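Everything on this sheet refers to the single structure shown next.
Just so it is clear, the model here is predicted, and its values are computed rather than measured. Every number for a ligand or one of its atoms is a count from 1 in the order of the listing.
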Amino acid sequence: MSKTIIISNRLPVKITGQEGDYKLEPSEGGLATGLGSIYKQGDNVWIGWPGVDVAEAEQQGITDQLRDLSLVPVYLSQEEINEYYEGFSNDVLWPVFHYYASTYANYKQSNWEYYQQVNKKFRDVVLSVAEPDDTIWVHDYQLLLLPNLIRTALPDISIGFFLHIPFPSYEMFRLIPWRTELLEGMLGADLLGFHTFDDARHFLSAATRLLPVHSSSNIINNGDRSIVVESFPMGIDNEKYASLTKETEVLEQIKLLKHNFKGVQIILSVDRLDYSKGILQRLHAFEMLLKEHPEYKEKVSLYMIVVPSRDTVPQYKELRDQIDKRVGNINGMHRTMDWNPIHYYYRSFPIETLSALYHITDVCLVTPMRDGMNLVSKEYVASRTKNDGVLILSEMAGASKELIEAIIVNPTNTVEVCNAMVTALTMDATEKKRRMIHMRSIVAKFNVTHWVKLFMIKLGEVKEMQQSLRTKHVSYKTEQDIKEQFANASKRIIFLDYDGTLVNFKPTADQAIPDKDLYDLLENLTSDPANHVVIISGRKHENLNDWFCDTNTELVAEHGAWTKFNGQKWHRIPGLTDHWKPDVMQVLESYVDRTPGSFIEEKTYSLVWHFRKVEDGLGELRSNELMSNLKYLVSDKGLQILPGDKVIEVKNMEINKGRAALTLLENQDYDFVMALGDDHTDEDIFRALPPESITIKIGSNNSAAKYYLRNPFEVRRLLRTLTQLEQRV
Ligand code: GDG
């Protein structure tokens with residue numbers, strides 16, 4: 001039976017005790033709770049590092065204990081932890097992904113080598129338990145290379161990946177010396193999940209700029225595999241936080257807090273020690289509140305929990321020292337006999353204390369400089385079962401996209417944060433209630449179980465989509481069927497699009513010329529009088545004439561505006577007008593003026609704006625703009641806008657490849673009809689042909705065609721098999 005394998009850097013387990021006497025306890029963080037419904041079932045497992053450097057002699061014992069918890073360990077040496085985890089993950093990926101590249105990133109080659117080595121170590125453990133039918137879910141920035149390492153060993157396995165931290169803009173990401181390797185690693189997944197739409201957008205941009213892959217909306221085509229990129233904002237265990245507030249221990253702590261802070265409003269802040277959390281800036285804003293609004297003295301306290309993290313690393317130690325100093329200064333300056341401005345704790349607390357604080361504090365101040373999601377903000381909301389309390393939330397946290405009823409602030413704007421505190425402290429109960437009801441419903445609905453469910457459903461759908469594309473791909477069996485139909489037919493017609501079907505796209509249209517292999521192929525095909533080969537293209541008739549007038553093919557140019565059949569002269573469809581051209585030309589020219597690298601091609605009944613050589617991103621931006629601009633202009637002129645591969649074409653509505661193809665079928669009794677094409681305009685042919693026809697789309701996009709082939713190479717191979725067959729007959 002197939003199983004699900006979760007993989008993250010750390011296992012959800014707490015190991016305590018000394019060497020020789022380790023004790024294991026499951027640790028229920030948000031992720032572990034969300035995934036608990038999965039990894040504890042059947043044969044499912046969670047793979048990761050247990051969190052301590054375990055001596056080799058003790059590993060087997062721990063492995064056995066972990067097995068009972070459905071956990072599989074990856075043992076790492078101290079050196080591996082230093083270089084792969086502290087070094088590459090936390091000194092390269094963490095700062096770059098949180099926009100601190102220039103201050104904190106340290107691109108050390110040996111760290112990168114360890115990162116690769118440890119990702120391979122994870123792969124080996126995965127491969128020791130994985131079967132081809134399994135579903136794999138890889139988590140976070142420490143394992144960016146893992147999806148592709150698994151994919152190489154198990155090409156068809158289902159792999160999802162979720163990034164818990166932000167994905168930075170292309171301008172940041174491109175700074176990493178090993179950027180392409182990291183992206184290739186991630187693209188081994190079938191589904192890539194991020195907290196926010198912006199993260200997904202940044203990833204799509206980096207992948208399509210740095211790798212030779214294409215994307216259409218949120219789907220990346222990587223060779224013959226379609227990969228979906230989506231946002232899945234992570235939720236929390238809402239029920240747990242809501243019900244904790246009713247537990248005896250929590251109620252007792254609430255009582256104590258109420259007593260200790262009588263007559264004082266409390267602002268809560270909870271973070272791990274990290275430069276991305278904006279702790280110093282927050283202290284600055286609180287100090288401003290005390291200075292600018294002295295009326296809050298003795299009336300408000302900041303309850304600040306900083307959870308220890310990496311404080312042996314110099315930058316973190318420095319940050320800790322700065323926080324200590326700042327808190328000392330503020331308290332020293334403003335403290336009175338009965339009142340402390342800041343209650344600062346550099347340690348972690350049991351969840352019951354946290355719950356009491358979440359439930360009782362008047363304001364929660366969450367102001368990271370960058371944060372993938374920020375679960376503290378959601379936990380605060382879930383704990384406000386009386387619909388009171390106010391959340392101040394940084395717009396740089398992923399959670400700000402969902403908790404829109406928080407007071408949203410820019411954390412670098414000290415004045416704004418200070419004013420937000422005033423607004424929060426003076427907000428009336430009705431307004432607090434209105435905002436909190438809204439936020440609580442969001443946190444309750446989009447909880448962590450919902451998050452896991454959505455991700456897993458989507459991963460299943462992506463696999464199905466890939467499967468359906470695969471069944472449409474011309475397989476060996478389909479090829480045999482086509483060959484048989486071809487051999488049994490006595491009068492055949494084959495419609496062939498040119499660019500992207502018979503030849504690959506080139507940087508300029510002039511470079512995409514026919515080669516000797518293509519001429520030989522066409523000659524072989526047309527040497528049998530039973531075969532009618534039609535080249536049906538959007539190219540100008542002059543082009544097709546230069547290239548194919550000496551072949552025995554029928555020619556259709558400009559999507560059907562021009563035809564050249566049976567070796568006769570070129571014929572133009574009667575009754576068409578080109579009076580519309582000057583108006584459209586004027587618009588296109590304005591886009592050429594504003595878009596370096598773009599140009600206009602003029603055909604008899606169409607105008608084409610080309611942007612293949614325009615800077616990535618700008619071309620797409622302008623083409624969207626141009627499309628909406630043209631929409632109004634063409635509406636009453638009988639024109640059609642055709643978006644193609646890096647082109648936008650405006651043509652007379654009456655011209656249509658499908659119509660041109662049907663003209664050739666009229667009063668003929670072909671018993672073999674086949675059409676191959678790669679773009680939008682070829683869909684008209686696929687739809688127009690009789691249902692028994694063989695229609696083949698080139699590329700892996702959705703299409704009305706029955707089958708698809710990947711590229712011109714496969715097209716030529718198929719056609720060659722047909723002609724070889726003929727030669728044998
Ligand atoms: C990453 C991303 C993203 C904190 N202090 C105590 C304590 N905590 C718990 C909180 C919360 C968790 O730690 C912190 O969650 P965050 O979301 O703020 O951040 P990370 O876990 O560092 O990290 C982040 C997250 O992944 C999920 O994808 O949101 O953006 O950086 O659950 O409650 N828990 C206890 N005592 C404490 O003193 N018991």
Side-chain angles (χ1 to χ4, degrees), residues 6 8-10 12 14 25-35 89-90 93-95 97-100 137-143 161-168 193-196 198-199 231-238 240-241 244 249-250 253 268-279 303-310 316 343-359 361 364-383 391 393-403 411 443 446-448 451-452 455:
I6 309 288
S8 66
N9 174 57
R10 278 290 299 269
K14 244 194 293 181
E25 260 178 84
S27 77
E28 293 288 274
L31 189 62
T33 309
L35 294 172
S89 304
N90 289 340
L93 299 178
W94 182 273
F97 282 37
H98 286 86
Y99 294 77
Y100 279 95
W137 191 359
V138 181
H139 288 264
D140 228 358
Y141 65 108
Q142 301 91 350
L143 299 173
F161 176 86
F162 189 83
L163 185 71
H164 289 262
I165 63 174
F167 193 91
F194 299 88
H195 279 306
T196 69
D198 279 341
D199 299 321
S231 69
F232 296 92
M234 186 177 166
I236 59 160
D237 185 351
N238 181 68
K240 173 171 128 184
Y241 282 91
L244 259 172
E249 201 181 330
V250 176
Q253 298 208 32
L268 176 69
S269 111
V270 183
D271 308 274
R272 198 169 43 74
L273 177 73
D274 199 276
Y275 45 81
S276 64
K277 300 292 183 183
I279 302 171
Y303 200 105
M304 190 165 90
I305 297 174
V306 176
V307 180
S309 168
R310 308 183 71 210
Y316 283 74
H343 292 249
Y344 169 49
Y345 303 88
Y346 184 68
R347 62 186 157 101
S348 64
F349 286 90
I351 193 157
E352 290 74 17
T353 311
L354 216 54
S355 168
L357 285 163
Y358 282 153
H359 187 68
T361 49
C364 187
L365 184 56
V366 182
T367 53
M369 296 290 130
R370 287 279 161 184
D371 218 335
M373 170 54 65
N374 192 289
L375 300 181
V376 167
S377 56
K378 293 190 172 180
E379 292 163 7
Y380 179 75
V381 168
S383 309
L391 176 65
L393 183 57
S394 159
E395 65 183 55
M396 308 296 175
S400 68
K401 306 287 189 291
E402 291 169 274
L403 303 179
V443 172
F446 298 96
N447 60 45
V448 71
W451 175 75
V452 169
F455 190 92

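Counting heavy atoms only, Arg272 comes closest to atom 22 (O) of ligand 1 of the residues Glu352, His195, Arg272. Counting heavy atoms only, Asp371 comes closest to atom 24 (C) of ligand 1 of the residues Asp371, Val366, Ile305.
Contacts of Met234 with ligand 1, taken as heavy-atom pairs under 4.0 Å, involve the side chain alone. Neither the backbone nor the side chain of Leu31 has a heavy atom within less than 4.0 Å of ligand 1. With a heavy-atom cut-off of 4.0 Å, Asp271 does not touch ligand 1 at all.
Against a heavy-atom cut-off of under 4.0 Å, Met373 is close to the following atoms of ligand 1: 3 (C), 24 (C), 29 (O), 30 (O). Residue Val307 has at least one heavy-atom neighbour below 4.0 Å for each of these atoms of ligand 1: 4 (C), 5 (N), 6 (C), 38 (O). Atoms of ligand 1 lying under 4.0 Å from any heavy atom of Val270, numbered from 1 in the order shown and given with element: 4 (C), 5 (N). Close approach to Ser348 involves these atoms of ligand 1, each under 4.0 Å from a residue heavy atom: 37 (C), 38 (O). Contact atoms of ligand 1 toward Glu379: 10 (C), 11 (C), 32 (O), 33 (O) (distance under 4.0 Å to a heavy atom of the residue). The ligand atoms of ligand 1 that sit less than 4.0 angstrom from a heavy atom of Gly372 are 30 (O). Of all the atoms in ligand 1, the ones that sit under 4.0 Å from a non-hydrogen atom of Phe349 are 35 (C), 36 (N), 37 (C), 38 (O), 39 (N).
By the 4.5 Å heavy-atom criterion applied to side chains, Leu365 and Leu268 are not counted as neighbours. Val443 is listed as a side-chain neighbour of Leu403, based on a closest heavy-atom distance under 4.5 Å. No side-chain heavy atom of His195 sits under 4.5 Å from any side-chain heavy atom of Pro166. Residues Leu244 and Tyr358 have side chains not in contact (no heavy-atom distance under 4.5 Å, counting atoms from C-beta outward).
Aromatic ring centroids of Phe232 and Phe162 lie 6.0 Å or more apart. If you look at Tyr380 and Tyr241, their ring centroids are not closer than 6.0 Å.
By the 3.5 Å distance cut-off applied to N or O atoms, Arg347 is not counted among the residues near ligand 1. Of the polar atoms of Pro350, none of the N or O atoms is found under 3.5 Å from an N or O of ligand 1, judged by distance alone.
Gln142 and Ser89 share no side-chain donor-acceptor pair at under 3.5 Å. For the residue pair Thr196 / Asp198, no side-chain donor-acceptor distance below 3.5 Å is found, with atom types taken as modelled.
Between Phe349 and Tyr345, the two ring planes are perpendicular [angle over 60°; tilted spans 30° to 60°]. Aromatic ring orientation, His164 versus His139: tilted (interplanar angle from 30° to 60°).
Distances from ligand 1 to the non-hydrogen atoms of Tyr358 include at least one value under 4.0 Å.
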